[in-house]
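Heavy-atom basis, side chains included; hydrogens, waters and symmetry copies ignored. Since we're looking at a predicted model, the values are computed, not measured.
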Amino acid sequence: VQLQASGGGLVQAGGSLRLSCAASGRPLSSYALGWFRQAPGKEREFVAGISWSGYFTHYADSVMGRFTISRDNAENTVSLQMNSLGPEDAAVYYCAARGLDLTRLNINGPLEFDFWGQGTQVTVSS
């Protein structure tokens with residue numbers, strides 16, 4: 001599956017952005033999806049994930065309550081609504097997919113994904 005992320009840009013602190021990721025090659029309905037980010041000089045970190053069905057979502061503590069992940073299997077897309085952005089959210093954001101579903105039983109520890117899109121830059125001005 002090929003993933004294409006978009007929607008990044010420059011936003012003022014406190015503002016919002018919506019990232020989207022479109023898939024091609026295979027339907028996304030059998031993939032768990034996620035968003036990761038990597039800031040300069042830092043390791044890539046998990047941001048949010050969503051199960052095959054969309055009923056289960058999981059967030060990093062740092063974005064809980066501010067970010068919302070959603071998916072549209074009919075449109076083969078996954079989105080990340082980001083609100084109340086701060087300078088700490090500035091990073092390159094990547095969408096990712098994996099065949100193993102995301103559940104409460106497998107969210108502890110590092111989350112491994114198999115397919116990655118190119119990143120989209122999010123810049124937050126203070």
Candidate pair W35 and V78, rule side chain to side chain contact (heavy atoms under 4.5 Å, CB included), full reasoning
CA-CA 9 Å; W35 287 93; V78 59; 3.8 Å; yes

Stepwise side chain to side chain contact (heavy atoms under 4.5 Å, CB included) test for W116 and R44
CA-CA 12 Å; W116 295 85; R44 185 172 61 194; 3.5 Å; yes

Please report the C-alpha distance between H58 and L111 in whole Å, then the side-chain angles of each, then the deciding distance to 0.1 Å, and finally whether the side chain to side chain contact (heavy atoms under 4.5 Å, CB included) criterion is met.
CA-CA 11 Å; H58 178 52; L111 294 175; 4.0 Å; yes

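Distance alone, capped at 3.5 Å, is enough to place a donor-acceptor pair between the N76 side chain and the L28 backbone. A donor-acceptor pair under 3.5 Å is formed between the side chain of N73 and the backbone N or O of W52. Using a distance-only test at 3.5 Å, with no hydrogens or angles considered, no donor-acceptor pair links the side chain of Y94 to the main chain of A5. The backbone N or O of S51 lies less than 3.5 Å from a partner atom in the side chain of R71, making a donor-acceptor pair.
Across all their heavy atoms, L3 and A97 have their closest contact at CD1-N, 3.8 Å. In this structure, T68 and Y59 approach most closely via the heavy-atom pair CA-OH, 3.3 Å. Closest of all the heavy-atom pairs between L19 and T120 is CD2-CG2, 4.0 Å. Pairing each heavy atom of V92 with each of Q121, the nearest pair is CG2-OE1, 3.2 Å. When all heavy atoms are compared, the tightest approach of G99 to Y31 is N-CD2, 3.9 Å. Taking every heavy atom of both residues into account, A32 and L102 meet most closely at CB-N, 3.8 Å.
Counting non-hydrogen atoms of neighbouring residues, nucleotides and ligands closer than 6.0 angstrom, the CZ atom of R18 exceeds 12 such neighbours.
Rounding to the nearest 0.5 Å gives a distance of 8.5 Å between CZ of F56 and CG of L105. Expressed to the nearest 0.5 Å, how far CD1 of I69 lies from CD of Q81 amounts to 12.5 Å. From S126, atom OG reaches atom CG of L85 across 13.0 Å, with rounding to the nearest 0.5 Å. Atom-to-atom distance recorded for C95:SG and L33:CG is 8.0 Å, nearest 0.5 angstrom.
Using a 4.5 Å cut-off on side-chain heavy atoms (C-beta onward), S16 and N83 make contact. Residues R37 and V63 form a side-chain contact, since some pair of their non-hydrogen atoms from C-beta on lies under 4.5 Å apart. Proximity of L17 to D89: side-chain heavy atoms (C-beta onward) are nowhere separated by under 4.5 Å. Counting heavy atoms from C-beta on, the side chains of Q118 and Q4 come closer than 4.5 Å. Residues F115 and R26 are not in side-chain contact: their nearest non-hydrogen atoms beyond the backbone lie 4.5 Å or more apart. The shortest side-chain heavy-atom distance between V1 and D114 does not fall under the 4.5 Å cut-off. Contact of the S20 side chain with the E75 side chain is not registered, since no non-hydrogen atoms from C-beta on lie closer than 4.5 Å. Within the 4.5 Å cutoff, the side chain of F113 has heavy atoms near those of the F36 side chain.
Note on L80: it clusters hydrophobically with M64, by side-chain heavy-atom contacts below 4.5 Å among ILVMFWY residues. In the hydrophobic cluster analysis, where Ile, Leu, Val, Met, Phe, Trp and Tyr join through side-chain heavy atoms closer than 4.5 angstrom, M82 is grouped together with V11. Follow the hydrophobic side-chain contacts under 4.5 Å out from V47 and you reach V124 in the same cluster.
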